[in-house]
Each structure stands twice: as structure tokens, then as C-alpha cells.
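Just so it is clear: chains get the letters A, B, ... in the order the sequence lines come, proteins before strands, and each one is counted from 1.
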Amino acid sequence: MEKQNNISASERSTKEELIECPRCHAMIDADIIRDNFKVCPECNHYYTLSPKSRLRMLADRKSFKELDKGLRAVNLLDFPDYEDKLAKARAKSGLDDAIMTGIIKIDGIKVAIGVMDTRFLMASMGTVVGEKITRLAEYAQKHNLPLIMVCASGGARMQEGLFSLMQMSKTSAAIKRFKDAGGLYISLLTNPTTGGVSASFAFLGDIILAEPEALICFAGPRVIEQTIGKKLPDGFQKAEFLLEHGMVDMIVRRDELKSTISRILKMHK
Amino acid sequence: MSNDKRVTPYDRVKLARDKDRPGIEDYIEALFDGFMEFHGDRLFRDDPSIVAGIGYFHKIPVTVIGHRKGKTLEEHMAYNFGMASPEGYRKSLRLMKQAEKFNRPIITIIDTPGAYPGMEAEANGQAAAIAENLAEMSALKVPVIAIVTGEGNSGGALAIGVANKVLMLENSIYCILSPEGFASILWKDSNRAPEACEVMRITAHELQELGLVDEVIPEGSRLFKNMDNVIYKELKKLMKMSPDKLAKDRYNKFRVMGEVFEPKKNREE
Ligand SMILES: [Zn+2]
């Protein structure tokens, strides 16, 4: 099988760069972390992945073609400072919004894929995220492709108000159409998948995968603690908890992600 | 609209939450004949935060589903202040599918501070339950009319709100989350809720202008009569549509919510 972490030598830094793990605080060489699928070799902390790193791990080399590039949010509510906030988020991240969609090949099988990006306003779901996912589902249906969503989100895009809420029904409806037409939809829940994203397309997968220890919930831990007036037990709303409660099909380690998805795809050809 | 000038959005929030405001029991009593409440999700339990059953509307058998807040403190506690759990959403879906089977129109009454952010609700799949409702409602082949009567907060409201016609009472609100929650997330200060209301666009008239709500129902002493008239008018129109047309109409309604900026070159591709 093809080596999954196909990082070319040119991408490696020439100088040793040490990164401090946010969990165990070990100082580890950036190249080692990269070769370990961006998982801390000391404590198994899962680093947040950019869509590009995620796609590099999943896609066959040079197979990615981006769809619906350049879609941008319109300030539909004339919300104060929203344009400014978007401009800053764009400048900082180099992204148009919190999702990248396109076509890739996984071990030669063509799939439609969307990857959310928490670096852009915590991957909150606004109209651009909703529209791109809906278009992706429509594209996948039209071209008879399996659909994969790599989910992550801090919740709703506050500045888009009810338009943000309506993206939940819009994406859910498009996914249902795709599934009813016979399409295979694999949803991968990564840290954190919360709020309106979890309560829409994230939990509609024919097959739902989760990354180890990912926080997956509708209401966030802080909101629940405020409501019930006590601390939540360790591990509550983590991927392992959801598996135990029957909410996800499998927890998949990053080093086995591509081969696992590939096996699923092959069984649905 | 002249009324709007004198009543601030935050006044509407207070009106929408007023303890003397009619509850679902009153709407059912005033609008439907021979209502029978049905119970349970057939999976785990009956969630009393949601009322669901069948009755006649102008001699037409209909399915009625709505949030129940209760009137007294004991009732508030028993009904969890109208904050539904996954079992409530699953009961709703069960009765919506039943309505579809027997070709009954569905009328939903929305009045909730939000889906319940509790431990059991999370463990039992709040996100998955809401997602399922959004997907399934989008494709129902019977008329669906939703009326926001009080608070329509977050995914907990939308979970019974994917309708062909979305109506709002004059003093109801419909929002991504409570103004307090909004202020707390955006400005770290829930006391700034009145200010949040000014920018959130949550009142019936504002949402009608934004194209997210179809009609605003005037209140006052003729409230029930006004509701009856509008529901009857809309239902008559919807009942003339074929089952497929109804589903398509609903899909298209939500599909176009949320305009985005698109670069010119995309459209030429
Ligand atoms: Zn570590």
C-alpha cells in the first residue's frame, strides 16, 4: 500500500524546529510530529489539521481539485464590525471562509470531500459553509460520487443570525437528497464538532467516524455545567463516550484513517 | 410597521417570554377540535416538553406538534421549561412520519428557550436527533406549517420548524440562540442582551423583511382568530399541491436561504 504520509523531502524544514505539545509540553521536532500524522508521539495529542494537511493525509498525490473557490460571506444583517472581522480572519488564515470543498482520489477512488477549518472564526457555520456543503452534496449526487465531510465547528456564525441557523436545514436537506439517491456519505467528526454542525450534516452520515478524544456535542460542556450546576465527569462528550452511547460507528486513529476510508469506499463501489 | 417604532426588540423578547402569554394548551384549545395527545418515542421514554397528537382543524384531520412550557412552577419543572430532549424530537418525528403515512397536514407550534443542554440529553444524542428531524422534515410529502408563538431559540426550535410556511406571532422571536447567550458569547457579558437584540434581527417583522418568515400574525384580542385565518388560508393553498410538489417546495424554500458572494469566474466555469 502507498505510504500515507507522503510528505516530500522539500517540505521538510532544513533547520530543526521544536514545537511544544499543548498537552504534555514535550518539546518535539516539527518533522517528527508531521511524520506521525500530527499526533504527539509522547502523549497522543491530536493536533488540529489544516484542510491542506488533512487532504494530504487522505488524498492520492496531486488528486485534489477545489470546487466553489472564492465564495464569501455577505453581511446580510448589516451586523456591526462583521466585515471587519471577516477581513481580519481572511488575512490571518488566507482562507475565504471556514471550509474547503473539492474532489480527491483515495486509492484511486474519486470522492467529493469537504474539510472544515477551525482557524477561520472557529469554523462556525454561516452561509458560505452551508452553501458550499449543499453544492458539494448536489455535485456528488450529479456525478455519482461518494461524499466525505471532515467536520469541525465551534457552532453557529453569530453575526449571521437566523441565516446561520437555516444552514442547518439547508445542508441536512441536501444530504438527505444525496443519500436517498443512493449516495454513500461518510462523516468524520474531529475536535471539536459542536452546535449547529453536529445537529445537522455531521450526524447524518451513513457511516460516522470520529477521531480519538474529539469533543463531539450539541451543547458545549460549559453551557451544560452552567445549566446543571455541577462539573461534568472526565471524558464526557468525547469520541469514546459517544461510541459507548451508540452515536458513532468507529473511532479511527489518524494513521489508519486513509486505509479505513479506503476499505469502506471499496465495499461500496 | 408604525408599532415597531415604539416597541424595541428587547421589549418583544420580554413579551415573547411573558408568563401570561398563551401556551400550547391554549392554542390547541382555541384552534383544534377533538385533540388527542399521543406519547413516547418508542425508544426510551415520553418527553413531556413536547406535545404531539392529532385533532381536527376546520374538520380536517391534522397532526399537531409543539413545545410545552407549562404555566405554574411545578409545570415548568415537569416540562423542563419547554426545552426538549432527544426523546421529544424523536417523538415529533415519529408522529410526522405517521402524518405522512395517513396524508395528514402537520402544524407545529414553536416556543422554546432551546434544546435541553443536559447530560442525559447529550448522552442520548441531542445532536443526532435534531439532525434527523431536519433531514426528514425537508422531504415530508404532506403540508407543514410552523408557527413561532413565543421564543424560537436555536436548533431546538428549528427541529420542528422545517415547514412550507413559517409564520410568526407579532411578539414572538426567532433566533440563533437566546440574546443572553449571544451577548455572552460575543461580548462575554450576558447583561448586554438588550443591546444584542438590536443587532440580532430576531423580531417577526425584521425576519419577514429578510425573507426568512412568510407572514406575521397580529396579536391582541383577536389573536386566536387571526391565527386561525392565516393557518386556514395557507393550509388550503398547500393542500392543493401534490405530495412531491410539497416536498420540493419546502426543499427549495430553505435551499435559497443565505445569499453569498460568488466570484464572476466561477459562474463562467
Ligand atoms: Zn504531547
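Of the two parts of Leu210(B), the backbone and the side chain both hold a non-hydrogen atom closer than 4.5 Å to a non-hydrogen atom of chain A. Proximity to chain A (any heavy atom under 4.5 Å) is restricted, for Tyr251(B), to the side chain, taken from C-beta onward. Proximity to chain A involves both the backbone and the side chain of Val199(B), based on heavy atoms less than 4.5 angstrom apart. For Leu232(A), the part lying near chain B is the side chain, with the backbone staying farther off; criterion is any non-hydrogen pair under 4.5 Å. No part of Arg157(A) comes within reach of chain B, as not one of its non-hydrogen atoms sits under 4.5 angstrom from that chain. The contact between Gln167(A) and chain B is made entirely by side chain atoms (from C-beta outward), counting heavy-atom distances below 4.5 Å.
Shown here for Ser154(B) and Leu165(A), the closest heavy-atom pair between the two residues is C-CD1, 3.6 Å. The minimum heavy-atom distance linking Val223(A) with Pro117(B) is given by the pair CG1-CB, 3.9 Å. Heavy atoms only, all atoms of each residue included: Ala131(B) and Leu204(A) are closest at O-CD2, 3.6 Å. Nearest heavy atoms, Ala123(B) versus Phe241(A): CB-CZ, 3.7 Å. Closest heavy-atom contact between Pro233(A) and Met119(B): CD-CE, 3.6 Å. Scanning all heavy atoms of the two residues, the minimum distance from Phe203(A) to Ala127(B) falls at CD1-CB, 3.6 Å.
Within the 4.5 Å cutoff, the side chain of Gln159(A) has heavy atoms near those of the Leu186(B) side chain. The side-chain heavy atoms of Leu162(A) and Leu207(B), taken from C-beta on, include a pair separated by under 4.5 Å. Under the 4.5 Å side-chain criterion, counting only non-hydrogen atoms from C-beta, Asp78(A) is in contact with Arg201(B).
A distance-only check finds no donor-acceptor pair linking the side chain of Glu262(B) to the backbone of Gly70(A) [under 3.5 Å]. The main-chain N or O of Ala219(A) is found under 3.5 Å from a side-chain atom of Glu122(B) such that the two form a donor-acceptor pair.
Annotation: Lys69(A), atom NZ; neighbour count of heavy atoms from other residues, nucleotides and ligands within 6.0 Å does not exceed 12. For Lys142(A), the NZ atom is loosely surrounded, since the number of other residues' heavy atoms within 6.0 Å does not exceed 12.
Contacts from residues 123-132 of chain A to chain B, taken as heavy-atom pairs separated by less than 4.5 Å, involve Thr127(A), Val128(A), Glu131(A) in sequence order.
The NZ atom of Lys170(A) sits 14.0 Å away from the CG atom of Leu134(B) when rounded to the nearest 0.5 Å. One finds the NZ atom of Lys253(B) at 9.0 Å from the CE atom of Met166(A) (value rounded to the nearest 0.5 Å). Here Ile130(B) contributes atom CD1 and Ser198(A) contributes atom OG; the two are 8.0 Å apart, rounded to the nearest 0.5 Å. The CD atom of Glu259(B) sits 8.5 Å away from the CZ atom of Phe163(A) when rounded to the nearest 0.5 Å. Between the OH atom of Tyr116(B) and the CD1 atom of Ile224(A) there is a distance of 9.0 Å, given to the nearest 0.5 Å. With rounding to the nearest 0.5 Å, the separation of CD in Glu120(B) from CD1 in Ile228(A) is 7.5 Å.
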Could you walk me through whether Met158(A) and Leu177(B) pass side chain to side chain contact (heavy atoms under 4.5 Å, CB included), step by step?
-> CA-CA 9 Å; Met158(A) 294 295 144; Leu177(B) 84 171; 3.6 Å; yes

Should Arg255(B) and Glu138(A) be marked as a side chain to side chain contact (heavy atoms under 4.5 Å, CB included) after you check the CA-CA gap, both sets of side-chain angles, and the distance that decides it?
-> CA-CA 11 Å; Arg255(B) 176 67 187 85; Glu138(A) 289 167 349; 2.7 Å; yes

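Residue with the most contacts toward chain B among Ser172(A), Ala199(A), Ala73(A), Ala174(A): Ala199(A) (heavy-atom pairs, distance under 4.5 Å).
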